[in-house]
Amino acid sequence: LPARSNVTVRLLLRSPTLRESRRLCTLVKFLMLTIITLFFAISASASESVVLAKNNHIESRILKERRFYSVYLPPSYSQNTDKTYPVVYLLDGDSTHLKAVAGLVEALSTERLEQQIQQAIIVAIPNSQNAIRERDFTPTNVDWTFNGKLLERFENIGNAANYSAFFEKELIPHINKNYRTSNKRVLIGESFGGLFASYVLLTNHTLFTDYLIIDATYIWDNNYLNRY
């Protein structure tokens, strides 16, 4: 990894302490209670709705298309008008992923769960409506092969460089202009989204301060990431 990268990799090589076990039990109970509460709330009054995030779009000159995004604001955002917040950029940011991540971030930032993380703004970016998901997440325009075996064929992909530039030159400045953001930025990507996040980490690691990369497609293009 680049020498200046502040990415931290933690390996759990021991059994959890009693305190950690209690935290985990508390989190599980909280999530179960939330699910049950939501179930009965929906059953009791289907006409009531909760606005989780504000939907918006940006006209991208780099990608030459309109890109949609949703913004979740933390509970204290409207009260603490002088406070700035870290921003979590969520790839594959459809409503399902946004609900999951926003729920965890909000729960873990509460006093009940000992404020294990900061409250944060979440910017969820769904995939393009004009192309397959892999277009923006892949760094090379090739068929998907590994060890000489063809896994899948794609067309018009390998747009990761432009997608990274879209974040750097268009989306992040736009979010910083319209919301009270701190200097902390987190990129979350899974599978092909993890491939893109890894690509950004390797090519422009200062674009985000932290990376959460989940089950990245490391074998893309004959083990591309390990060859970089």
Side-chain angles (χ1 to χ4, degrees), residues 1-13 24 27 63 67 69-72 85-109 116-118 120-128 131-142 144-146 151-152 154 157-169 171-172 175 181-228:
L1 294 181
R4 293 179 295 168
S5 175
N6 66 343
V7 176
T8 301
V9 178
R10 296 180 180 178
L11 297 177
L12 187 61
L13 300 177
L24 180 59
L27 176 58
L63 299 177
R67 292 306 296 257
Y69 64 91
S70 301
V71 178
Y72 157 89
Y85 295 83
V87 183
V88 175
Y89 287 86
L90 177 62
L91 302 174
D92 287 316
D94 57 25
S95 60
T96 301
H97 284 117
L98 176 57
K99 290 174 185 176
V101 173
L104 287 173
V105 169
E106 187 166 318
L108 292 173
S109 63
Q116 297 178 53
I117 64 174
Q118 301 176 59
I121 298 169
I122 301 175
V123 179
I125 309 98
N127 300 316
S128 172
I132 60 173
R133 169 177 180 250
E134 290 80 7
R135 184 197 69 177
D136 293 331
F137 288 161
T138 50
T140 50
N141 185 10
V142 297
W144 189 5
T145 60
F146 186 70
L151 302 180
E152 192 169 352
F154 295 106
I157 58 172
N159 200 44
N162 283 335
Y163 200 39
S164 177
F166 162 71
F167 276 90
E168 180 176 14
K169 298 178 181 179
L171 183 58
I172 292 175
I175 296 299
T181 63
S182 69
N183 292 326
K184 186 178 181 67
R185 292 191 296 270
V186 183
L187 180 63
I188 299 180
E190 180 264 337
S191 186
F192 273 100
L195 173 65
F196 173 75
S198 301
Y199 169 81
V200 176
L201 174 61
L202 291 170
T203 60
N204 189 11
H205 68 275
T206 58
L207 183 56
F208 297 92
T209 58
D210 299 271
Y211 294 78
L212 179 54
I213 298 171
I214 307 164
D215 192 25
T217 310
Y218 290 108
I219 63 172
W220 173 258
D221 191 2
N222 278 311
N223 221 8
Y224 171 88
L225 292 177
N226 289 324
R227 300 198 325 266
Y228 193 88

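Quick note: numbers below take in every heavy atom, side chains included, and nothing from hydrogens, waters or symmetry partners.
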Does atom CG of Asn183 have more than 12 heavy-atom neighbours, drawn from other residues, nucleotides or ligands, at distances under 6.0 Å?
no
Given Phe192, which partner from the list Tyr199, Phe137, Tyr218, Trp144 fulfils the ring-ring contact (aromatic ring centres under 6.0 Å, His included) test?
Trp144
Considering all heavy atoms of both residues, which atom of Asn204 and which atom of Tyr211 are nearest to each other, and what is their separation?
O-OH, 3.7 Å
Side-chain heavy-atom pair Asn162, Leu63 within 4.5 angstrom cut-off
yes
Taking atom types as modelled and ignoring hydrogens, do the side chains of Asn127 and Asp136 form a donor-acceptor contact shorter than 3.5 angstrom?
no
Are side-chain heavy atoms of Ile125 and Leu90 found at a separation under 4.5 Å?
no
Can you name the closest pair of heavy atoms from Tyr72 and Glu106 and give their distance?
OH-OE1, 2.5 Å
Check against side-chain contact (heavy atoms from CB on, under 4.5 Å), Glu134 and Glu152
CA-CA 12 Å; Glu134 290 80 7; Glu152 192 169 352; 5.7 Å; no
Counting C-beta onward and ignoring hydrogens, is there a side-chain heavy-atom pair between Leu187 and Leu212 closer than 4.5 Å?
no
Residues Ile219, Tyr224; criterion side-chain contact (heavy atoms from CB on, under 4.5 Å); working and verdict:
CA-CA 7 Å; Ile219 63 172; Tyr224 171 88; over 6 Å; no
Side-chain heavy atoms of Arg135 within contact of Phe154, under 4.5 Å
no
Heavy-atom side-chain proximity of Ile122 to Val71 below 4.5 angstrom:
no
With respect to Thr138, which candidate in Asp221, Leu195, Asn159, Thr217 satisfies the side-chain contact (heavy atoms from CB on, under 4.5 Å) definition?
Leu195
Correct closest heavy-atom pair for Gly93 and Ala124 would be O-CB, 3.6 Å
When the ring planes of Phe208 and Tyr89 are compared, do they come out parallel, tilted or perpendicular, using 30° and 60° as the limits?
perpendicular
Shortest non-hydrogen contact from Gly194 to Ile213?
O-CG2, 3.7 Å
Atom of Ser198, atom of Ala216 and distance for their closest heavy-atom approach:
OG-CB, 4.0 Å
Once rounded to the nearest 0.5 Å, what's the spacing between atom OG of Ser128 and atom CZ of Arg133?
13.0 Å
Under the side-chain contact (heavy atoms from CB on, under 4.5 Å) rule, what do Thr181 and Tyr85 come out as? Steps first, then yes or no, please.
CA-CA 5 Å; Thr181 63; Tyr85 295 83; over 6 Å; no
Locate the shortest heavy-atom distance separating Gly189 from Leu91; write the atom from each residue and the value.
CA-CD1, 3.9 Å
Look only at the side chain of Ser191 and the backbone of Gly193, and say whether a donor-acceptor pair between them is shorter than 3.5 Å.
no
Would you mind checking if Asp210 and Arg185 are paired as a salt bridge, meaning a charged N to carboxylate O distance below 4.0 Å?
no
Distance, nearest 0.5 Å, that separates NE2 of His97 from OG of Ser70
13.5 Å
Once you round to the nearest 0.5 Å, how far does CD1 of Ile121 lie from CD1 of Ile175?
8.0 Å
Test item: Leu207 and Ser164 side chains (from C-beta on) under 4.5 Å apart, heavy atoms:
yes
Check: Arg67 side chain, Leu171 main-chain N or O, donor-acceptor pair, under 3.5 Å
no
Pair Val200, Phe167 - check side-chain contact (heavy atoms from CB on, under 4.5 Å), show working.
CA-CA 10 Å; Val200 176; Phe167 276 90; over 6 Å; no
